[in-house]
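See structure below.
Source: prediction; values computed, not measured.
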Amino acid sequence: MTRRHYRIGVMFSTTGSYSVVARSILNGALLAFQEVNAGNSGIELEPVVVNPSGDLARYRSLSLELLGCGIRHVVGCYTSSSRKEVIPCFEKFDGLLWYPSHYEGFESSDNVIYTGAAPNQHVLPLVDYLASRVGSRAFCIGSNYIWAWENNRIFREALIARGGSVLAERYLSVGDTEVDQVIAAIIDQRPDFVFNNLIGTSAYAFFRAFRAACRARGIDQAAEIPVASCTLSEPELPEIGPDAVDGHLSSSVYFSSLNSPENADFIGAYTRSFPDGPVSSADAEASYIAVKLLAAALSRAGTDDARTVRAAVADQRLRAPQGEVRIDRETFHAWLTPRIGRSAANGQFEVLLESREPIAPDPYLVQSSPRFASAMRSPLLKVVQS
C-alpha cells in the first residue's frame with residue numbers, strides 16, 4: 001500500500017541559552033517521527049529541522065521559509081516570546097503550529113494546537129501545594145519576557161486568594177547570570193519560598209549561587225527557602241551541578257521517573273535513540289505527544305490541510321507516557337495530569353503529589369468563580385510521598 005508522505009517542520013533553538021531543554025524537545029519529536037514511520041498508519045512523515053538559535057527574528061524568517069515551501073504543520077517553539085513571534089505567520093498562511101511547552105495561558109489561536117500544560121495544570125496546583133504545605137510568603141523571580149511576567153501575575157493573584165503575599169518580584173534578561181544582587185535581596189527578605197521563572201543558563205546560575213550563598217550563612221536552603229518552578233526538568237539538573245541539584249520543587253505533568261508501562265517504553269526508546277542525551281523532560285514528552293497526535297489527525301483527515309487536520313485532532317486520545325492525553329475541542333489545548341515533584345541527587349524527581357485523572361485545560365482560567373477559586377482547593381491531587 002502506498003503511504004501518504006508529508007513534510008513537517010520542526011523548529012527548536014538547539015543552540016543558545018536554553019539549548020539543553022530545546023535539544024530534549026527535539027529528541028522527543030524525532031522519536032515520535034521514528035515510531036510513526038515504523039508503524040502502519042498509512043502515512044510517512046519527513047521532519048524538516050531548523051534551528052533559530054534563540055533569535056526571535058530568526059523564528060519568524062524560518063517560519064515563513066517553512067510555510068513558503070508548502071509545509072503546513074510545524075512542531076516548534078519553547079519560549080512564549082518565540083511563539084508570539086511566529087503566530088501571525090501561521091495565521092497569515094493558514095498553517096498549524098503544534099506548540100509543545102507549558103505556558104502562561106490567556107491565548108487562543110485557530111492556528112495553534114497546544115500540547116503543553118496550561119496555567120490551571122501547572123501554576124495553580126503549585127500554588128495549592130506551597131500555600132498548604134510550605135508557607136504563604138513568596139519571592140518571585142523570572143526571565144524578563146512574557147512567560148515570567150504572566151506566570152508571576154497568575155501566581156501572585158492565586159496566592160493572594162489563598163491569603164498569601166508576594167514580597168517582591170525581580171527579573172533578569174534571558175541568559176543573564178549575574179544573580180548575586182537578587183540573591184542578597186531574597187536572603188534579606190527571608191520568604192517561605194522562591195517562585196522561579198528563570199530559564200536556561202540564568203536558572204542554572206541562580207540555583208548554584210543561591211545554594212552556595214545560603215550555605216555560607218548557615219541556611220539549609222532546600223528546607224528553609226525552597227525554590228519552586230514550573231519549568232525545571234531532568235535535562236537541566238546536571239547543568240545545575242551536584243552541589244545544588246537536590247530539593248527543588250517542580251510542578252509538571254510529566255516526570256521521567258513515572259512508573260507505568262507506557263513511560264518505561266518511552267524512556268527505553270528515547271535512551272536507545274539518543275544515548276548521548278540530553279535526557280527526557282516534560283517538554284520532550286509534549287513534543288512526542290504533538291507528533292503522535294498530528295500523525296493520527298493526518299491519517300484521519302487524509303490531507304494535511306490545516307483546517308481539516310485541526311478538526312480531525314479534536315477529541316483525539318493517546319496513551320502517553322504521563323497517562324491518557326486528549327485534545328479539548330473547545331480550546332485545542334490538551335487534557336493533562338498535574339504532578340508536583342522534588343529533585344533528588346540522582347538527577348530524577350520524586351513525585352510528591354499527582355492528580356487522580358487528567359485535568360481539562362483552562363487557558364483563560366474561566367472555569368471557576370471567582371477567577372482563582374480553583375487555587376483555593378486541591379485539584380484532585382493525591383499524596384504519593386511526603
Side-chain angles (χ1 to χ4, degrees), residues 17-25 28 78-80 100-104 116-117 119 121-127 129-130 134 138-143 145 147-148 151-152 154-155 172 174-177 179 182-183 186 193-211 214 221-223 225-258 277-287 322 336 338-354:
S17 63
Y18 48 87
S19 61
V20 173
V21 175
R23 286 187 285 120
S24 175
I25 305 173
Y78 169 62
T79 65
S80 289
S101 183
H102 48 269
Y103 87 119
E104 69 285 347
Q121 296 165 327
H122 61 102
V123 182
L124 297 190
L126 183 60
V127 172
Y129 177 85
L130 293 169
V134 178
F139 193 113
C140 296
I141 60 174
S143 294
Y145 75 109
W147 155 257
N151 241 27
N152 280 336
I154 295 167
F155 186 91
L172 303 176
V174 174
D176 188 352
T177 58
V179 296
V182 69
I183 287 172
I186 293 169
F193 58 86
V194 174
F195 180 48
N196 166 56
N197 286 293
L198 295 168
I199 66 167
T201 53
S202 300
Y204 316 147
F206 172 77
F207 281 111
R208 289 192 296 268
F210 187 43
R211 178 66 59 88
C214 286
Q221 179 264 307
I225 318 177
V227 179
S229 310
C230 294
T231 53
L232 187 63
S233 62
E234 291 86 348
E236 301 179 289
L237 297 181
E239 301 298 313
I240 296 172
D243 292 338
V245 71
D246 62 306
H248 308 305
L249 299 170
S250 185
S251 180
S252 183
V253 296
Y254 171 82
F255 295 107
S256 60
S257 57
L258 294 179
V279 298
S280 182
S281 65
D283 297 300
E285 194 229 13
S287 65
Q322 67 170 269
L336 302 168
R339 295 175 168 93
I340 305 293
R342 181 173 56 210
S343 64
N346 65 358
Q348 292 288 314
F349 284 90
E350 304 165 333
V351 179
L352 305 179
L353 286 89
E354 64 181 8

Looking at every non-hydrogen atom in both residues, tell me the closest pair between [X] and [Y] and how far apart they are.
X	Y	result
Glu236	Thr231	OE1-O, 3.2 Å
Ala203	Leu198	CB-O, 3.6 Å
Val245	Ala344	CG1-O, 4.0 Å
Ser202	Gly175	OG-N, 3.1 Å

List the steps and the verdict of side-chain contact (heavy atoms from CB on, under 4.5 Å) for Tyr254 and Arg339. CA-CA 7 Å; Tyr254 171 82; Arg339 295 175 168 93; 5.5 Å; no
I'd like to know if the side chain of [X] reaches the main chain of [Y], judged simply by a donor and an acceptor atom lying under 3.5 Å from each other, with no hydrogens or angles considered.
X	Y	value
Ser257	Glu350	no
Glu234	Phe255	no
Ser251	Ile340	no
Ser287	Ile25	yes
Ser143	Ile199	yes

[atom1] of [X] to [atom2] of [Y]: how many Å apart, nearest 0.5 Å?
X	Y	atom1	atom2	result
His248	Phe349	NE2	CZ	8.5 Å
Gln121	Cys230	CD	SG	11.5 Å
Arg342	Ser250	CZ	OG	12.5 Å

Would you say the side chain of [Y] lies within less than 4.5 Å of the side chain of [X], judging by non-hydrogen atoms?
X	Y	value
Asp243	Arg208	no
Ser229	Val227	yes
Ile225	Phe193	no
Leu258	Val351	yes
Val21	Ser233	yes
Val134	Pro226	yes
Leu249	Leu352	yes
Phe210	Val179	no

Go through it in stages, so that I can follow the logic: the residues are Val182 and Phe139, the test is side-chain contact (heavy atoms from CB on, under 4.5 Å), and I'd like the CA-CA distance, side-chain angles, deciding distance and then a yes or no. CA-CA 10 Å; Val182 69; Phe139 193 113; 4.1 Å; yes
Which residues satisfy the ring pair (Phe, Tyr, Trp, His ring centres under 6.0 Å) test with Tyr103, sequence neighbours excluded? Tyr114, His333
side-chain contact (heavy atoms from CB on, under 4.5 Å) assessment of Ile141 paired with Ile186: CA-CA 10 Å; Ile141 60 174; Ile186 293 169; 4.3 Å; yes
Can you tell me how the ring of Phe195 sits relative to the ring of Phe155, calling it parallel under 30°, perpendicular over 60° and tilted otherwise?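 Correct class here is parallel.
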Please work out which of the three classes, parallel, tilted or perpendicular, describes the rings of Trp147 and His122, given edges at 30° and 60°.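 Answer is parallel, since the angle falls under 30°.
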Counterpart residues, salt bridge (charged side-chain N to carboxylate O under 4.0 Å, His left out), relative to Glu104 (two or more places apart):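 Applying salt bridge (charged side-chain N to carboxylate O under 4.0 Å, His left out) to Glu104 gives Arg83.
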Salt bridge (charged side-chain N to carboxylate O under 4.0 Å, His left out) involving Asp246 - partner list, sequence neighbours excluded: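 For Asp246, the residues satisfying salt bridge (charged side-chain N to carboxylate O under 4.0 Å, His left out) (neighbours in sequence not counted) are Arg211.
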Between Ser281 and Ser24, is any side-chain donor less than 3.5 angstrom from a side-chain acceptor? yes
Scan side-chain atoms only and decide if Glu285 and Gln322 contain a donor-acceptor pair under the 3.5 Å cut-off. yes
In sequence, state the C-alpha distance, the side-chain angles, and the governing distance for Phe207 and Leu232, and then conclude on side-chain contact (heavy atoms from CB on, under 4.5 Å). CA-CA 11 Å; Phe207 281 111; Leu232 187 63; 4.0 Å; yes
